[in-house]
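Keep in mind the model is a prediction, meaning the values are calculated, not measured. Just so we're on the same page: letters track the sequence lines, and every chain starts at 1.
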Amino acid sequence: MTARPTMPEGIRVDHLTKRFGAVAAVDDVTFEVAGGQFAVLLGPSGSGKTTILRMLAGLEIPTSGRIWLGDVDATWAPAYKRGIGYIFQRPSMFPHYNVFENIAWGLKLRRLGKAATATRVAEMLDLVHLTGLEDRYVTQLSGGQAQRVAIARALAPDPAMLLLDEPLSMLDAKLRDELKDVIAEVQRRTNKTTVMVTHDQREALSLADTVIVLDQGKIEQMGPPRELYRRPASAFVADFVGHNNFLPVTIVGIGSDGRLQVRCQGQEMLVASSDGLRVGDEALLCLRPDDLEPINPSERGRYEQVLTGRLDRVVFNGDMVRLDVDLGGQMIRVHATGPRRFTFLDRQPETVLLGVGEASLVSQS
Amino acid sequence: MWAKRLAAQTGWAMLLNAYALLLAFVLIYPTIQLLIVAVSDDIVFPPRYFSLAAFEDLSGAFWDSVRFSLLLGAVTTAVLIALCLPTAYAIERFHFRARGFLSAAVFIPFVLPGLGYMAAVGTVYILYAPDLMGTFFGVFLPTALFNLAWMVRAIQGSLATADPVYEEAAMTLGASRLHAFFSITLPHVAPGLIVGAMIVFTNSATAFIAPLFVGRVQSLTATVQIFREMDQHGLTPVLAAQSLLVEAVVMALVLGGYFVSKRHFRGLVL
């Protein structure tokens, strides 16, 4: 463990491309993760996110482009010289070593003394809440515990940065939530520059400082989770991050406050302006089911904009009731939550008023 | 107790037990008969007189052939481990155009009829390297070729079940690829390696066709030496004793090697 400056080092990826034969798994990707930040690469299967992570780790060689870890051009550096901690999707705990030996493995390579190793392993076990399980082998651990050992093992040599490849995807829902908290806590306490790969938008939104959305090897959008959720740059992002209703609209004018006036299924709305959209353009209006609230006529004043639809179907989901609403021939979904959700369960098809919280526009292409 | 257990068994189970016992008997009986002949003073059944004279009458030529056999077994095993480990690794872990060809090529000496293949090797020796005839290397080379497939396949089988993720994890923890291979992957490959080594050592220490074709007096395995003696004098108690000794020495070394490896790769070798 060499002493490093207290400021954590960042990661810079410059025009990175990886081809497997004729297929570009990663296609001219450029991004930066500031020191100490938690970035999440989010995308569907085959979007190139794991390939990017493996290139950051040195487990895959880029076809072109550059990777900077801190101030060092690490594009061609072998994995063992990069000083990164990597957590794999598949269980990777060495089966012929116990928990202690697994965590101490990287320390042994650095010829850390016996006493210092024991202290460091104890620290790591405490960090991932596994103290007392030093002598266990992988067959004696649950999937979540084994993955926590993998986290402790990756962190033990004090790597400059942490790379996680879908670390939660092989676990059941309850363990996933538990381990997600562990990862968030570990990142906060160690302040390590972290890049995690996931296809789960909830994980991405809850853990990341920056989310990088990928599709077919290219970056679709990157930014803070809230921005991505509220201002998706494309229909793909609007659809992949969270749930969304898409309604074809025409931009008919510009409001006094600069917002765009759109006509949607015979009703008019004002929506925050979006890059490249002009009066006369056709676009898609994105209305999240959670940003629509079924209201009584007396509550109209609470919302600046209200849409009128016809309740078509009610689906009980426990903590949320899903309403399918017909908006002038276009079916949209609305999520009713809170104690009022039960009042919708026995409703017959009827007119329903929907208060609009947030809405965004994306171009149709 | 016994009767109770027997009664609890179904007819099928009893049939299978009987089959297992019969098969074991058929497999082991020739060796028992050989032992009886070795400790008799002639070849009749039941034996009339017991004697250990056969074991006292072992020639220097026999012991020379035993030494040659063990050396051949040890060298072939060691060389094949060194050669087949990277070969199996390349076949299993890397993608290259000739991968399928390499995988099939190791089987060539294995699938061709042994006599034909040895005649071919002998022809090559006569034409290009007549000096190899009768030398240790001359016998070693075809013996190793015959056993290549065993070793490659045994290691490959273990490698296929060793997830590459362990090796990658070791590399991200600071180990070079070579270090990761020896400290993480090799223990996983150990079961296959040990099985391969046991088979190859037994095969090569008791090699027959290769030394028969290209061996000379000073380069004969004990198997060929015994065969030649038997060809001249017929089966005698001395030859039975020699055969038994060869079997015992080879088996002891193979089992000894197995138990040492089992202790070394604790938890990975059955």
Side-chain angles (χ1 to χ4, degrees), chain A residues 1-2 20-21 50 53-54 56-60 77-98 101-112 137-140 146-147 149-165 170, chain B residues 85-86 88-90 92-100 154-155 157-197 258-270:
Chain A
M1 288 190 293
T2 48
F20 293 107
T50 294
L53 202 74
R54 289 177 62 81
L56 291 180
L59 297 172
E60 218 56 84
Y80 67 96
K81 284 192 177 163
R82 294 198 182 199
I84 46 106
Y86 197 102
I87 288 128
F88 294 83
Q89 182 179 10
R90 299 202 301 282
S92 67
M93 195 178 144
F94 303 141
H96 54 307
Y97 292 129
N98 64 21
E101 291 162 333
N102 262 275
I103 299 173
W105 205 83
L107 303 173
K108 211 169 134 191
L109 286 177
R110 285 159 183 79
R111 301 182 197 290
L112 202 68
Y137 284 83
V138 66
T139 47
Q140 300 164 309
Q147 201 58 307
V149 174
I151 294 174
R153 185 180 64 183
L155 283 170
D158 195 23
M161 34 207 88
L162 199 57
L163 307 177
L164 303 104
D165 182 10
M170 307 276 272
Chain B
L85 208 52
Y89 189 84
E92 202 54 42
R93 294 286 159 87
F94 296 129
H95 294 276
F96 51 101
R97 212 172 271 250
R99 183 168 163 239
I155 298 172
S158 282
L159 257 179
T161 60
D163 195 329
V165 77
Y166 302 125
E167 212 170 300
E168 289 188 339
M171 289 197 290
T172 61
L173 286 168
S176 66
R177 188 176 274 276
L178 206 64
H179 186 120
F181 175 79
F182 280 106
S183 55
I184 299 299
T185 309
L186 192 60
H188 281 96
V189 177
L193 194 77
I194 291 163
V195 169
Y258 170 75
F259 285 115
V260 169
S261 339
K262 188 179 168 183
R263 190 179 303 171
H264 187 72
F265 297 108
R266 198 166 12 120
L268 285 166
V269 179
L270 290 174

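- Contact between G174(B) and Y80(A) at its shortest, heavy atoms only, is C-CB, 3.4 Å.
- Along residues 176-183 of chain B, the residues that come nearer than 4.5 angstrom to chain A, judged on non-hydrogen atoms, are S176(B), H179(B), S183(B) in order of number.
- In terms of the ring pair (Phe, Tyr, Trp, His ring centres under 6.0 Å) criterion, F96(B) has no residue partners (sequence neighbours excluded).
- Proximity to chain B (any heavy atom under 4.5 Å) is shown, for R153(A), by both the backbone and the side chain.
- Between H96(A) atom NE2 and L186(B) atom CG the span is 9.0 Å, to the nearest 0.5 Å.
- Considering only residues two or more places apart in sequence or on other chains, R90(A) meets the salt bridge (Lys or Arg N to Asp or Glu O under 4.0 Å) condition with D163(B).
- Separation of atoms CE (M171(B)) and CZ (R82(A)) is listed at 11.0 Å; rounding is to 0.5 Å.
- Scanning both residues, L109(A) and A175(B), for their nearest heavy atoms gives CD1-N, 3.5 Å.
- Interatomic distance, I103(A) CD1 to L173(B) CG, rounded to the nearest 0.5 Å: 11.0 Å.
- When the side-chain hydrogen bond (donor to acceptor under 3.5 Å, both in side chains) test is applied to T172(B), no partner is found at least two apart in sequence or on another chain.
- Considering all non-hydrogen atoms of both residues, F94(A) and Y166(B) come closest at CE2-O, 3.3 Å.
- Counting only heavy atoms from C-beta outward, the side chains of P95(A) and H188(B) approach each other to under 4.5 Å.
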